[in-house]
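For reference, positions follow the sequence shown, starting with 1.
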Amino acid sequence: MSFEIHVSGHVKQVVDETLPGLVEDLVASGITAGDADLWGAEASDEASRRLGWVQAVSVSRPLVPEIEALRDDLHARGITRVVLAGMGGSSLAPEVIAQTSGVPLVILDSTSPGQVLAAIDGDTETGGLAETVLVVSSKSGSTVETDSARRAFAAAWSDLGIDPADRIVVVTDPGSPLEASAREAGYRVFTADATVGGRYSALTAFGLVPAGLAGADVSELLDEAEATLLEVAIDDVHNPALVLAAAIAGTDASGSRRDKLGLVSDGTHIVGLPDWIEQLVAESTGKAGTGILPVVLLPVSPEVEQTPEDLQILRIVDDAEHFRVLEQNPDEVLISGSLGAQFVVWEYATAIAGRLLGINPFDQPDVESAKEATRGLLDARPDAGAPAFVESGVEIRVTDPALASSGTLEGVLDALWARLSPNGYVAIQAYVDRGALPQLAGLRELVAADSGRPTTFGWGPRFLHSTGQFHKGGPAEGVFVQILESADVDLEIPGRPFTFGELIRAQAAGDAQVLAAHGRPVVTLTLTDPQVEVLALFEAAQ
């Protein structure tokens, strides 16, 4: 088998109780056949336009020689550095493919001025702007982050006397505004199947073009995926997608389920898969007040050492010997398989989980709210307002004044943790240059230990296109910590009346505004000297 899943203990009981209904209802074969009615009458129209991913392997085969030919042409011209401008599913899948293949692919999924400048400038190891090709990936063709990156790169190339048309490759849906403008500008254009949603697009042009240009063997990836297609299409209790869906979304005899999913990479050759799973599951299921919250963990994270009752641990492994861990941890789910198999099984399982939860797994009704708030703030340009107080250079702002009554950063965090319900979670959202502050991700471990609850960490604004849906549409159980920075540099966005710095601040403020409107408490911490003050955050969270 190209994909293995092992369950035992309480999870096996849930799976055994859930599987017969899925098999009897012919769910697996129904998805393969494109049955849009599997998710109910309200979702059928959307589903009828979002099931193209089940045919992605065969549809994408003709892309392989085109990608290889373009890669050879670029290399012949000395263009060897690949930068991908994309958000959500447009960046996370190719990032996993490239990392697992061990090929360099620069991901630009941020509006942080420093991060954009670093992507433009390059480095001595991978090359500079003169050796760079930019892949612009956007289904709609109107994604503000991606469009802004394209404008900045085009201007930088023009300044060097290089025609941007020779250096920009576009991946988009047929008929999108981006396709029309790209063809007019002379860019190389790849179109993907419009019936595939962004988060299900790993095996389409969105996943294959940037990773393939970077040097990944995308033909082998498609072979891996193809080897799994028969397994997931059969209505059988051994179907790995049915088992996985039942394990993460099934209910026990009392009707209860664990609504948080802890994702642990433990010795697997696949690099970064939990981040891709996180956006797929969170954006697909977090709506109508329900959902599954993925939590990306380390093997030694607090939630693994002492697992909350509402958190299901899923461990991704390679070596079958790891399955012995079930003897000590019978309630864990263990999976192994090739990257192509993982993509196929998780896409099927997530769609099936949507059916079990009674929601539409193909829409994202709450993602747009933060975008609208951002646009409003960019138009109005309001002042951020005075902070509640400043400690060690960190500016503290809160959506509820009571959170700041202690007058200390540590006290604010303690007050925020006190708002957690027994099933609550903490979401850390870092709107900073992650290339300059990679250590900030380590804050997650400290907050999880300090709060005693599952904690997620997302780089802003990329998470807005994935877990951002769950934050607004899922259960009202989250408390939120935003981390911003006062950057020394900013960068104009050609043709726009705002800069990258103004855009990322508006994105953070817009999301906080929407979260507060949904009754979610938000603490915003602005680092005025990031490299120094990140230490103050770590100390306050201990």
Side-chain angles (χ1 to χ4, degrees), residues 2 52-86 89-107 126-127 131-139 141 163-176 178-180 182-183 185-196 198 200-230 270 276 338-344 347:
S2 57
W53 49 272
V54 301
Q55 306 296 331
V57 172
S58 59
V59 171
S60 296
R61 285 287 184 189
L63 285 174
V64 176
E66 293 185 45
I67 295 169
E68 292 175 346
L70 178 56
R71 182 176 65 210
D72 292 344
D73 174 64
L74 291 169
H75 284 190
R77 292 190 281 138
I79 305 170
T80 55
R81 177 175 180 261
V82 183
V83 177
L84 169 61
S90 297
S91 64
L92 288 163
E95 185 173 40
V96 175
I97 298 168
Q99 289 179 332
T100 301
S101 301
V103 299
L105 174 63
V106 179
I107 303 294
T126 61
E131 293 79 40
T132 297
V133 59
L134 177 71
V135 180
V136 178
S137 288
S138 172
K139 277 186 64 65
D163 184 357
D166 290 336
R167 300 304 182 89
I168 294 178
V169 176
V170 166
V171 183
T172 189
D173 277 358
S176 74
L178 178 57
E179 184 195 14
R183 293 194 186 281
Y187 303 154
R188 175 64 185 271
V189 178
F190 290 85
T191 56
D193 187 347
T195 65
V196 181
Y200 291 84
S201 65
L203 297 171
T204 73
F206 286 100
L208 303 182
V209 169
L213 292 181
D217 188 342
V218 293
S219 180
E220 181 181 27
L221 180 73
L222 291 175
D223 290 342
E224 294 171 354
E226 188 171 30
T228 314
L229 292 177
L230 182 60
I270 301 174
W276 177 80
S338 65
L339 179 55
Q342 294 279 1
F343 283 150
V344 170
E347 287 173 353

Heavy-atom pair with the smallest gap, counting every atom of P94 and P210:
CB-CG, 3.7 Å
Please find the pair of heavy atoms, one from R81 and one from T132, that lie closest to each other, and give the distance.
NH1-OG1, 2.8 Å
Say you draw a straight line from OG of S219 to CG of L63; how long is it, rounded to the nearest 0.5 Å?
11.5 Å
Does either side chain, that of S2 or that of T228, offer a donor lying less than 3.5 Å from an acceptor on the other one?
yes
Under the rule for side chain to side chain donor-acceptor pair (under 3.5 Å), what residues qualify as partners of D166, not counting sequence neighbours?
none
For residues 69-76, dump all side-chain donor-acceptor pairs below 3.5 Å to protein atoms at least two apart in sequence or in another chain.
unit_1: R71; atom_1: NH1; unit_2: G212; atom_2: O; d: 2.6
unit_1: D73; atom_1: OD2; unit_2: R77; atom_2: NE; d: 3.4
unit_1: D73; atom_1: OD2; unit_2: R77; atom_2: NH2; d: 3.2

side-chain contact (heavy atoms from CB on, under 4.5 Å), paired with L213, selected from I67, V218, V103, L105:
I67
Are side-chain heavy atoms of V82 and V106 found at a separation under 4.5 Å?
no
Is there a side-chain contact between K139 and T172, using heavy atoms and a 4.5 Å cut-off?
no
Excluding sequence neighbours, so at least two apart, what forms side-chain contact (heavy atoms from CB on, under 4.5 Å) with S137?
L84, S90, V135, V171, F206
Shortest non-hydrogen contact from V196 toward S201
CG1-CA, 3.8 Å
For E95, give me all partners under side chain to side chain donor-acceptor pair (under 3.5 Å), at least two apart in sequence or on another chain.
R462
Pairing residues for V59 by the side-chain contact (heavy atoms from CB on, under 4.5 Å) criterion, not counting sequence neighbours
Q55
Distance-only donor-acceptor pairs under 3.5 Å for side chains of residues 185-194, two or more places apart:
unit_1: D193; atom_1: OD1; unit_2: T195; atom_2: N; d: 2.9
unit_1: D193; atom_1: OD1; unit_2: T195; atom_2: OG1; d: 2.7
unit_1: D193; atom_1: OD2; unit_2: T195; atom_2: OG1; d: 3.1

Could you work out, with ring-ring contact (aromatic ring centres under 6.0 Å, His included) as the rule, every residue matching F343, not counting sequence neighbours?
W276
Backbone N/O of E220 and side chain of D217: donor-acceptor pair under 3.5 Å:
yes
Is any side-chain heavy atom of D223 closer than 4.5 Å to a side-chain heavy atom of L221?
no
Just to verify, what does A56 make a side-chain contact (heavy atoms from CB on, under 4.5 Å) with, not counting sequence neighbours?
L203, T204
Atom OG in S101, atom CG in L339: separation rounded to 0.5 Å?
7.5 Å
Report the residues that fulfil side chain to side chain donor-acceptor pair (under 3.5 Å) with S58, sequence neighbours left out, ordered by chain and then residue number.
none
For V169 and L134: C-alpha separation, side-chain torsions, deciding distance, then whether side chain to side chain contact (heavy atoms under 4.5 Å, CB included) applies.
CA-CA 6 Å; V169 176; L134 177 71; over 6 Å; no
By side-chain contact (heavy atoms from CB on, under 4.5 Å), R167 pairs with (sequence neighbours left out) I79, W157, I162
Any idea which heavy atoms bring V57 and A225 closest together, and the distance?
CG2-CB, 3.7 Å
Suppose we screen for salt bridge (Lys or Arg N to Asp or Glu O under 4.0 Å). Which residues come up paired with E179, at least two apart in sequence or across chains?
R183
Atom CG in L222, atom CG in L208: separation rounded to 0.5 Å?
5.5 Å
Can you sort out the partners of E226 under side chain to side chain donor-acceptor pair (under 3.5 Å), two or more places apart, ordered by chain and number?
R61
When you measure from the side chain of T100 to the backbone of I97, do you find a donor-acceptor pair of N or O atoms at a distance under 3.5 Å?
no
